[in-house]
There are 2 protein chains.
Amino acid sequence: MSNIREVAELAGVSVATVSRTLQQPELVSPKTRVKVTEAIEQLNYKPNLMAVKFRSGKTHNIVVLVPTVANVFFARVIRGMQEAAAAEGYSLLLVNTMGDDATEQNYARMIHTSQADGVVQLRAFNPFNDNDVTDEGLLPMVNACEILDAPKCPTVSLDNRLAAAAMTEHLVELGHQHIAMIKGPAASPLTRDRMLGFKDALQAANLSYNEELMFAGDFTLQSGYEAAERLLKQNHPVTAVVCENDEMALGAISRFKAAGLRVPQDISVSGFDNIAFSHYSDPPLTTIAQPAEEFGETAINLLIEVLKGKAKRAVKVILPYQLIIRESTGPAPAHPVNLSEPS
Amino acid sequence: MSNIREVAELAGVSVATVSRTLQQPELVSPKTRVKVTEAIEQLNYKPNLMAVKFRSGKTHNIVVLVPTVANVFFARVIRGMQEAAAAEGYSLLLVNTMGDDATEQNYARMIHTSQADGVVQLRAFNPFNDNDVTDEGLLPMVNACEILDAPKCPTVSLDNRLAAAAMTEHLVELGHQHIAMIKGPAASPLTRDRMLGFKDALQAANLSYNEELMFAGDFTLQSGYEAAERLLKQNHPVTAVVCENDEMALGAISRFKAAGLRVPQDISVSGFDNIAFSHYSDPPLTTIAQPAEEFGETAINLLIEVLKGKAKRAVKVILPYQLIIRESTGPAPAHPVNLSEPS
DNA sequence: ATAAATAATGTTATCGGTTACATCATTCCT
DNA sequence: AGGAATGATGTAACCGATAACATTATTTAT
């Protein structure tokens with residue numbers, strides 16, 4: 001592997017001239033520029049970027065803490081990040097953290113060992129100590145999707161409360177009076193916000209909120225399936241279920257069908273995220289579309305601003321949602337079926 | 001940010017001793033070891049790993065070329081890779097290449113710019129020049145999932161031909177005589193192998209192979225949907241469709257249902273990959289399970305062997321498949337329905 | 001023609017570690 | 001006691017680039 005010195009020698013110039021030819025060619029005379037370029041060509045010289053990064057102290061690496069890459073929504077967010085990062089010359093170090101605090105703290109430490117410049121965190125957890133802030137009082141981080149309550153960094157989020165309220169309102173308008181919710185883990189602010197929106201809409205419609213109709217899952221298909229199972233056991237006259245993501249909604253639909261229920265004739269089910277599958281499920285899923293790629297793109301661009309010291313405060317970007325009505329929600333049945341199964 | 005010199009000064013030793021305390025503590029006397037450790041503690045010293053990587057010439061980074069991170073199967077492979085890499089102290093640089101040759105060549109170049117030690121390629125494309133081989137004549141790469149025909153590196157694959165044959169045989173045993181296939185892009189060896197297996201099974205059953213019953217997609221839900229649409233237009237008395245992955249199978253099922261067909265009573269559909277959704281679809285999908293995590297794990301471990309110079313030849317690892325029979329395949333109908341729709 | 005200004009190039013310290021080699025101290029053996 | 005062997009520590013070159021500063025060449029102004 002050739003280095004800058006060999007190129008300099010072959011071109012008959014100094015290493016500085018070679019470096020300049022690559023970094024600020026306008027400072028180099030056209031003739032020498034040609035000589036250097038030819039030498040580079042001839043030796044097939046590629047600058048050692050590890051040396052560049054070491055010397056400049058900027059790695060142009062960004063650690064992305066993803067709770068689970070297997071989640072289709074996150075996959076879209078990642079895609080958005082990748083494009084924005086590539087455009088600015090940054091590389092992403094994707095980490096599948098499985099939502100583990102210690103793992104995230106470990107990887108965040110890559111900032112301190114100069115392996116990365118910043119972090120994008122897709123979960124409401126701060127992997128840093130509070131004294132890790134930059135000159136502007138910000139952490140070298142952007143928090144997206146599920147955001148912290150009092151972040152020391154920019155955030156990108158949806159107005160989850162409003163979106164969940166809109167979805168619930170849609171069901172209320174269809175005449176549903178007994179609406180259940182399949183939510184995420186209790187600790188998540190995202191879950192909390194969507195619950196609040198759910199309650200808001202119930203209250204606005206003068207419907208009562210019933211704690212027994214709240215079922216917790218963990219955003220996977222299986223947990224949706226199991227939550228639906230618990231719902232069926234409760235034997236409440238539920239006619240609609242608001243799910244906090246599409247995967248759980250699809251899992252729930254699967255369970256309802258297994259119980260012989262028709263969706264939406266017997267029970268309406270809604271999701272959240274608008275993943276590709278929700279379009280092709282039977283029935284196609286009513287859901288909330290989130291601009292996933294834009295989440296990623298915005299997160300990266302905000303982070304780069306922070307890293308360049310251009311961000312002066314922790315801005316909060318809120319992206320728009322869109323209610324997508326498909327066929328998994330329909331009018332409330334005049335005579336609700338008995339949900340309980342013979343077992 | 002403190003450096004090794006400050007630590008040395010505070011501890012009253014040389015930089016070499018500090019370095020040794022961290023790298024080979026057994027060479028340092030217990031007393032000085034304590035002094036150094038205390039100084040490190042006091043200064044909250046973290047070695048600059050960029051400097052380490054630069055000096056040692058080993059980055060411990062692995063570039064992973066993923067055609068699309070949004071694919072649920074690849075998400076599982078990635079997870080397997082992540083665990084294996086972490087266990088060996090390697091980081092993954094995941095790249096969403098969208099199957100673009102130039103993009104992959106670009107990222108493979110990170111090997112030359114000393115930003116990464118090796119590449120895991122999940123597609124049948126060689127992003128290197130053939131003169132990039134190591135001393136052993138191997139590329140610093142492992143090719144997994146969809147593999148090259150004449151790779152200059154280890155590969156990890158499934159016996160796609162055998163698996164596709166097994167699936168087809170399953171349908172033949174159910175009495176199907178007119179079986180269509182929704183395949184992937186023609187250029188892919190994976191598609192070719194699965195087609196061969198499909199043909200093998202037809203031949204073994206004395207069934208004729210009909211080119212008109214082969215429909216190409218690109219492994220997405222939508223392409224499965226569209227392929228099914230073309231199939232319906234053909235108006236052949238097809239009673240079963242072998243799909244080359246689950247996403248296309250689910251897309252196809254969606255289209256068949258839209259045409260009023262029942263799966264599997266009117267038409268059987270099979271998939272490939274056993275993604276999570278295939279368990280919760282309606283009907284649950286008959287498919288081939290691949291040990292996705294093991295693909296990733298094996299690929300990383302093989303790559304590390306290559307990087308350490310331990311691999312002497314391009315081994316080919318073939319992982320086992322499993323036929324998973326669910327409800328999307330059933331006995332061939334005695335009187336095949338007319339597939340063509342009134343339009 | 002000469003000084004001043006500007007452009008082009010060269011020299012070299014430096015980033016933060018690792019490690020080959022040198023040095024010094026201690027222990028062991030005869 | 002003298003010398004070898006072993007152990008502990010220090011010195012300094014080095015990895016490959018960048019960039020501050022120095023130097024030399026060229027142009028411009030007077």
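Keep in mind that the numbers below use all heavy atoms, side chains included, and drop hydrogens, waters and symmetry copies. Nothing here was measured: the structure is a model prediction, and the numbers come from that model.
On the nucleic acid side, DNA chain C contacts chain A at distances under 4.0 Å to non-hydrogen atoms, with the end points of that region at C:dA8 to C:dG16. With a heavy-atom cut-off of 4.0 Å to chain A, the contacted part of DNA chain D has its first and last nucleotide at D:dG16 to D:dA19.
By the ring-ring contact (aromatic ring centres under 6.0 Å, His included) test, A:Phe74 is found to be paired with no residue, residues two or more places apart in sequence or in another chain being considered. Partners of B:Ser2 under the side-chain hydrogen bond (donor to acceptor under 3.5 Å, both in side chains) rule, at least two apart in sequence or in another chain, do not exist in this structure. B:Tyr107 meets the ring-ring contact (aromatic ring centres under 6.0 Å, His included) test with no other residue; sequence neighbours excluded. Among residues two or more places apart in sequence or in another chain, the ring-ring contact (aromatic ring centres under 6.0 Å, His included) test is passed with A:Phe54 by B:Phe54. In this structure, the ring-ring contact (aromatic ring centres under 6.0 Å, His included) partners of A:His60, at least two apart in sequence or on a different chain, are A:Tyr90. Residues satisfying the side-chain contact (heavy atoms from CB on, under 4.5 Å) criterion with A:Glu146, sequence neighbours excluded, are A:Arg123, A:Ala124, A:Ser188, A:Pro189, A:Leu190.
In this structure, the separation between CD on B:Glu9 and CD on B:Glu6 is 8.0 Å, given to the nearest 0.5 Å. To the nearest 0.5 Å, the span separating CE on A:Met141 from CG on A:Leu302 amounts to 12.5 Å.
Within the structure, ring pair (Phe, Tyr, Trp, His ring centres under 6.0 Å) pairs that include any residue of residues 2-23 of chain A do not occur (at least two apart or interchain).
Note on the helix from C:dA1-D:dT30 to C:dT30-D:dA1: angle between the axes of the first and last five pairs equals 50°, rounded to 10 degrees.
A donor and an acceptor atom, one from each side chain of A:Asp132 and A:His112, are located under 3.5 Å apart. At a cut-off of 3.5 Å, with distance as the only test, a side-chain donor of B:Thr59 or B:Asp117 sits close to an acceptor on the other residue.
For the contact set between residues 41-59 of chain A and DNA chain D, defined by any heavy atom under 4.0 Å, the members are A:Tyr45, A:Lys46, A:Pro47, A:Asn48, A:Ala51, A:Val52, A:Phe54, A:Arg55. Across residues 8-26 of chain B, B:Gly12, B:Val13, B:Ser14, B:Val15, B:Ala16, B:Thr17, B:Arg20 each have a non-hydrogen atom less than 4.0 Å from an atom of DNA chain D (numbered order).
Considering all non-hydrogen atoms of both residues, A:Gly99 and A:Glu104 come closest at CA-OE2, 4.1 Å. Contact record, B:Ser91 with A:Leu93: CB-CD2, 4.4 Å, taken as the closest heavy-atom pair.
Using a cutoff of 4.0 Å between basic side-chain nitrogens and carboxylate oxygens, B:Glu293 and B:Arg76 are scored as salt-bridged.
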Item to check | Audit row: B:Asn143, B:Gln121, side chain to side chain donor-acceptor pair (under 3.5 Å) steps and yes/no | outcome: CA-CA 5 Å; B:Asn143 185 200; B:Gln121 165 66 301; 5.6 Å; no
